[in-house]
Participant: 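One structure follows; several queries about it will come next.
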Amino acid sequence: MKDIKNRKSDKPRIGITIGDYNGIGPEVIVKVLQDKRITNICTPVVYGSGRILTKYKRILGIEEFTYHQYNNNSYLHDQKINVVNCWTEVQELEPGKITDEAGKCAYLSIARASEDLNTNTIDAVVTAPINKANIQSEDFKHAGHTEYYQENHADGGDTLMTLCAGDLRVGVVTGHIPLKDVSAAITKEVVTSKLKVLINSLKKDFGITKPKVAVMGLNPHAGEDGLLGDEEINVIGPVVKEFKKRGNLVFGPFPADGFFGTMAFKNYDGVLCMYHDQGLIPFKLHAFESGVNYTAGLTIVRTSPDHGTAYNIAGKGVADETSFREALMQAVDIVKVRDGEITNMIRPNAKQLLQDRKDQIKVQKTLKPGEGEEEFDLSELEAGERKEAQVTKQQKMLENKAKNQQQGGGRFDRRPNQNKEHWKPRKNHQDRPPFPNKSEGAPTEEKNND
Ligand SMILES: NC(=O)C1=CN([C@@H]2O[C@H](COP(=O)(O)OP(=O)(O)OC[C@H]3O[C@@H](n4cnc5c(N)ncnc54)[C@H](O)[C@@H]3O)[C@@H](O)[C@H]2O)C=CC1
Ligand SMILES: NCC(=O)COP(=O)(O)O
């Protein structure tokens, strides 16, 4: 971890940018941070506004969530949730509306977190979703976060938008550009550079010593031997060959439809797609609920949930926070893998564990003092019962799958990953509880100044 002045713990400090406050960003932030155990795994530092978070607390009817607000961050508290106020004006919340003010504030939040990344005040950043249009200004002229971080935190190197869920990691050679420009952007230099970023990140950030990577073609049927396009023959194929020659486990180019349709990605540590929707559509079909967007290649660690502002549901309290929680967990994991503190990342579904904990608390309330105490030993839940939680999770998934098939499906019900083999831990994965022992401390005190 970075050498942070005044750090009073060995937990990573994770910055969280608030995104567009009229989208679902603040809601998923509050929903995730309200779990007190979060401060056992990291020190969250939200860049935004305490007032906005308090308003969302009220909308959501959440009482428990407490945090410390600062106008500057010289006294970040390593046992509490910190909120750094990035603007002083009182902003009107208009959930679901695209406003210039929300765009400006989204930028202020990102800029402040960037300063803190540069001064080593935080170890990583998790970005809540922005609206790519209203954030545009003299200060922010980027198609999205990925491009902003590439310009500001890559030390001149290349980066790769990479969507991650469990062992599935999908990078895209071309990101936020019009489809009509994709073919011209697929050059040997660009594909080579992106493939290098993917392989290096799989090693450095995910702890995979010898990563196996699949590369997709650009055209239907990977060009069908030149009949349907020649990028595979002239560009992608030769790059794959070159990497193989140098001893890398790189394969392809594969026709993307069949590759994803047959879940051939189970056999690879990473997949390189040629354009945004080629990778993101199958990825989101597979793991929209829990997917994480990771910018590989940066000098710092930046993750985000895989969804956008979701204006259509903003302020209604129905946003699913799983993806944001996973983004936070993945940022912690990557900081630790980069540090050599853990060798690889595998943990049970975080939401399941939190649900287990909530269920336990419900049971606890019905018990007499002293009764059933051992049931609330977190370390037992986290370490000893993890396998059981996995089994229960699999059973639940099977039941849900059967139910969904009968009912004709719902929003997150078509994920084919539910019983996939590759979700089983690999041998070299470090079995690590997601939440350390509660004795490390959790916030008890509220100090909201508004
Ligand atoms: N990293 C970022 O900052 C990203 C920003 N965006 C931006 O977000 C805006 C909206 O983009 P869309 O394409 O509409 O994608 P979106 O992800 O915001 O919404 C797509 C659909 O998924 C639903 N949805 C999304 N997240 C959900 C959640 N957590 N729980 C329940 N339902 C959820 C929405 O209600 C909507 O029906 C755009 O301005 C886009 O540029 C989009 C993706 C990433
Ligand atoms: N759909 C992915 C996406 O839009 C990522 O945006 P950003 O993280 O670059 O802002």
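Model, not experiment: these values are computed from the prediction. Reckoned from all heavy atoms, side chains included, excluding hydrogens, waters and symmetry mates. First listed ligand is number 1; within each ligand, the first listed atom is number 1.
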Participant: Nearest protein heavy-atom contact for atom 1 (N) of ligand 2: which residue, which atom, what distance?
Facilitator: H276 NE2, 3.0 Å

Participant: Any idea which part of F288 is under 4.0 Å from ligand 1, heavy-atom wise: side chain, backbone, both or neither?
Facilitator: side chain

Participant: What are the atoms of ligand 1, with element, lying closer than 4.0 Å to any heavy atom of A319?
Facilitator: 30 (N)

Participant: Between K36 and E64, is there a salt bridge with N-O shorter than 4.0 Å?
Facilitator: yes

Participant: Using the side chain to side chain contact (heavy atoms under 4.5 Å, CB included) rule, pick out the option among D269, L195, L249 that qualifies with V213.
Facilitator: L195

Participant: Can H142 be said to touch ligand 2, with heavy atoms closer than 4.0 Å?
Facilitator: no

Participant: For I24, counting its heavy atoms only, list the atoms of ligand 1 lying under 4.0 Å from any of them.
Facilitator: 26 (N), 27 (C), 28 (C), 29 (N)

Participant: Which of the atoms of ligand 2 are close to K132, meaning less than 4.0 Å from one of its heavy atoms?
Facilitator: 3 (C), 4 (O), 6 (O), 10 (O)

Participant: Out of H307, E321, M161, who is nearest to atom 26 (N) of ligand 1 when you count heavy atoms only?
Facilitator: H307

Participant: Is it the side chain, the backbone, both or neither of T309 that has a heavy atom closer than 4.0 Å to ligand 1?
Facilitator: both

Participant: May I ask you to list the atoms of ligand 2 that are less than 4.0 angstrom from any heavy atom of L280?
Facilitator: 1 (N), 2 (C)

Participant: Please check if atom CG in N312 has more than 12 non-hydrogen atoms from other residues, nucleotides or ligands closer than 6.0 Å.
Facilitator: yes

Participant: Do you know the tightest heavy-atom contact between V28 and D320?
Facilitator: CG1-O, 3.7 Å

Participant: For ligand 1, which atoms, with element, lie under 4.0 Å from some heavy atom of H145?
Facilitator: 1 (N), 2 (C), 3 (O)

Participant: Which is it for D306 and ligand 1 at heavy atoms under 4.0 Å: side chain, backbone, both or neither?
Facilitator: neither

